[in-house]
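Only one structure is covered here, and it is reproduced in the block below.
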Amino acid sequence: MLSFLNRWYRSRHNKDGNLDFKRLPRHLAIIMDGNGRWARRKGLPRVAGHRAGVEALRDIVKACVEWKIKILTVYAFSTENWKRPREEVSALMDLLVEYLRQELPELQQEGVQVRAIGRLEALPQQAQAELARARELTASNNRLIFNVALNYGSRAELVDACRKISAWVESGKLRPGEINEETISRALYTGDLPDPDLLIRPSGEMRLSNFLLWQLAYTELWVK
Ligand code: FPP
């Protein structure tokens with residue numbers, strides 16, 4: 001995954017060989033998949049693939065800070081992923097908790113603000129607690145917003161946005177005729193963030209898999 005980003009990054013140099021910051025993405029989105037296939041090719045269990053995925057994520061976060069990308073959103077666990085074998089779901093949740101515990105000091109030091117999007121209330125208590133701790137501790141950091149999508153589904157997000165907008169209308173804050181595209185963007189989990197400029201999907205699957213359907217309308221896609 002990092003090699004894609006490297007190649008993309010090199011393609012953003014101008015004729016003099018200097019990095020053209022204006023052509024770098026402000027918001028990068030990544031679907032973190034292909035872990036299972038990577039592990040199978042190496043004759044390893046799927047969980048080893050997920051562990052390697054987390055290692056790659058460490059490097060990507062560092063690269064984003066170094067390259068002054070302002071927002072990174074990663075699709076780490078979808079609303080459909082609960083259908084995976086119980087042991088795999090539990091290993092993924094353990095990896096998330098382990099990652100947050102180990103990385104938090106460095107994320108804090110690098111000025112990374114950790115956020116999470118999705119229906120977080122359905123995550124195991126321990127994962128919710130670590131996420132809450134990471135969010136609180138890093139809330140005032142501003143070098144990179146690192147957004148982790150967990151129990152996330154874009155259709156669920158749109159349902160939640162409709163509920164939010166209905167509540168605004170019901171309370172008299174908004175008239176139905178005033179609802180426009182901007183209202184919907186604002187009601188999404190990513191309400192205060194610009195849309196992604198680039199989406200990377202390293203597994204080669206040519207699908208969005210219920211990830212940021214509204215926000216990716218004009219995004220450049222890189223699938224390999
Ligand atoms: C999907 O494809 C990937 C996942 C369901 C898990 C991604 C999450 C993590 C690696 C760990 C948790 C996250 C953080 C932020 C520490 P797949 O890997 O099953 O691949 P396949 O498409 O090859 O089967």
Side-chain angles (χ1 to χ4, degrees), residues 1-2 4-5 28-65 69 71-108 110 112-120 122-135 137-138 144-154 156 189-190 196 199-212 221-224:
M1 222 191 295
L2 197 62
F4 287 154
L5 203 53
L28 170 67
I30 300 177
I31 298 180
M32 288 180 64
D33 67 347
N35 302 333
R37 275 164 277 186
W38 178 89
R40 194 170 348 110
R41 279 199 301 276
K42 295 201 164 293
L44 296 168
R46 289 182 61 80
V47 174
H50 294 315
R51 200 165 269 287
V54 174
E55 288 306 318
L57 182 64
R58 283 196 175 96
D59 294 343
I60 288 164
V61 171
K62 282 197 193 106
C64 287
V65 171
I69 290 170
I71 307 152
L72 170 68
T73 300
V74 298
Y75 200 8
F77 195 87
S78 75
T79 45
E80 286 77 33
N81 285 155
W82 297 108
K83 295 183 199 131
R84 293 190 175 216
R86 202 149 43 109
E87 306 75 58
E88 188 176 347
V89 170
S90 136
L92 283 167
M93 294 301 153
D94 289 349
L95 272 175
L96 171 69
V97 167
E98 185 186 309
Y99 172 85
L100 290 169
R101 285 190 183 151
Q102 279 178 4
E103 292 301 298
L104 196 54
E106 191 162 343
L107 292 168
Q108 174 71 319
E110 295 280 352
V112 177
Q113 185 188 128
V114 180
R115 295 190 187 183
I117 55 169
R119 292 185 173 165
L120 306 178
L123 296 175
Q125 282 303 323
Q126 206 183 22
Q128 287 189 48
E130 290 301 328
L131 283 166
R133 194 165 78 96
R135 286 170 78 142
L137 263 168
T138 64
L144 171 72
I145 293 176
F146 175 35
N147 223 358
V148 188
L150 292 159
N151 191 25
Y152 173 89
S154 191
Y189 305 147
T190 52
L199 169 75
I200 296 180
R201 181 155 199 176
S203 71
E205 296 294 346
M206 293 293 284
R207 289 182 270 114
L208 292 180
S209 303
N210 203 13
F211 186 44
L212 304 176
L221 309 182
W222 195 342
V223 178
K224 171 99 193 264

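Note that these values count all heavy atoms, side chains included, but never hydrogens, waters or copies made by symmetry. All ligand and atom numbering here is 1-based and tracks the order in the structure.
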Margin query: Within the structure provided, determine whether Pro196 and Leu212 are in side-chain contact (heavy-atom separation under 4.5 Å).
Written below: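 A side-chain contact exists here, since the closest heavy-atom pair is under 4.5 Å.
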
Next item on the list: With salt bridge (charged side-chain N to carboxylate O under 4.0 Å, His left out) as the test, would you mind laying out the steps for Arg46 and Glu87 before giving the verdict?
Entry: CA-CA 11 Å; Arg46 289 182 61 80; Glu87 306 75 58; over 6 Å; no

For ligand 1, what N or O to protein N or O distances fall under 3.5 Å?
unit_1: ligand 1; atom_1: 18 (O); unit_2: Asn35; atom_2: N; d: 3.1
unit_1: ligand 1; atom_1: 18 (O); unit_2: Asn35; atom_2: ND2; d: 3.3
unit_1: ligand 1; atom_1: 18 (O); unit_2: Gly36; atom_2: N; d: 3.2
unit_1: ligand 1; atom_1: 19 (O); unit_2: Arg46; atom_2: NH2; d: 2.5
unit_1: ligand 1; atom_1: 19 (O); unit_2: Arg84; atom_2: NH1; d: 2.6
unit_1: ligand 1; atom_1: 19 (O); unit_2: Arg84; atom_2: NH2; d: 3.1
unit_1: ligand 1; atom_1: 20 (O); unit_2: Gly34; atom_2: N; d: 3.1
unit_1: ligand 1; atom_1: 20 (O); unit_2: Asn35; atom_2: N; d: 3.2
unit_1: ligand 1; atom_1: 20 (O); unit_2: Gly36; atom_2: N; d: 3.2
unit_1: ligand 1; atom_1: 22 (O); unit_2: Arg37; atom_2: NE; d: 3.4
unit_1: ligand 1; atom_1: 22 (O); unit_2: Arg37; atom_2: NH2; d: 2.5
unit_1: ligand 1; atom_1: 23 (O); unit_2: Gly36; atom_2: N; d: 3.4
unit_1: ligand 1; atom_1: 23 (O); unit_2: Arg37; atom_2: N; d: 2.8
unit_1: ligand 1; atom_1: 23 (O); unit_2: Arg37; atom_2: NE; d: 2.7
unit_1: ligand 1; atom_1: 24 (O); unit_2: Arg46; atom_2: NH1; d: 3.4
unit_1: ligand 1; atom_1: 24 (O); unit_2: Arg46; atom_2: NH2; d: 3.2

Next item on the list: Look only at the side chain of Asp94 and the backbone of Ala91, and say whether a donor-acceptor pair between them is shorter than 3.5 Å.
Entry: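 Side chain of Asp94 to backbone of Ala91: no pair is present.
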
Margin query: Ring-plane angle category for Phe77 and Trp82, please: parallel below 30°, perpendicular beyond 60°, tilted otherwise.
Written below: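 The rings of Phe77 and Trp82 stand perpendicular, inter-plane angle above 60°.
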
Checklist line | Pairs meeting criterion salt bridge (Lys or Arg N to Asp or Glu O under 4.0 Å) with involvement of residues 144-154, two or more places apart | finding: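 Those involving residues 144-154 do not exist here.
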
Item checked: Residues Arg133, Glu130: salt bridge by 4.0 Å N-O rule ->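 Judged by the 4.0 Å cut-off on N to carboxylate O distance, Arg133 and Glu130 do form a salt bridge.
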
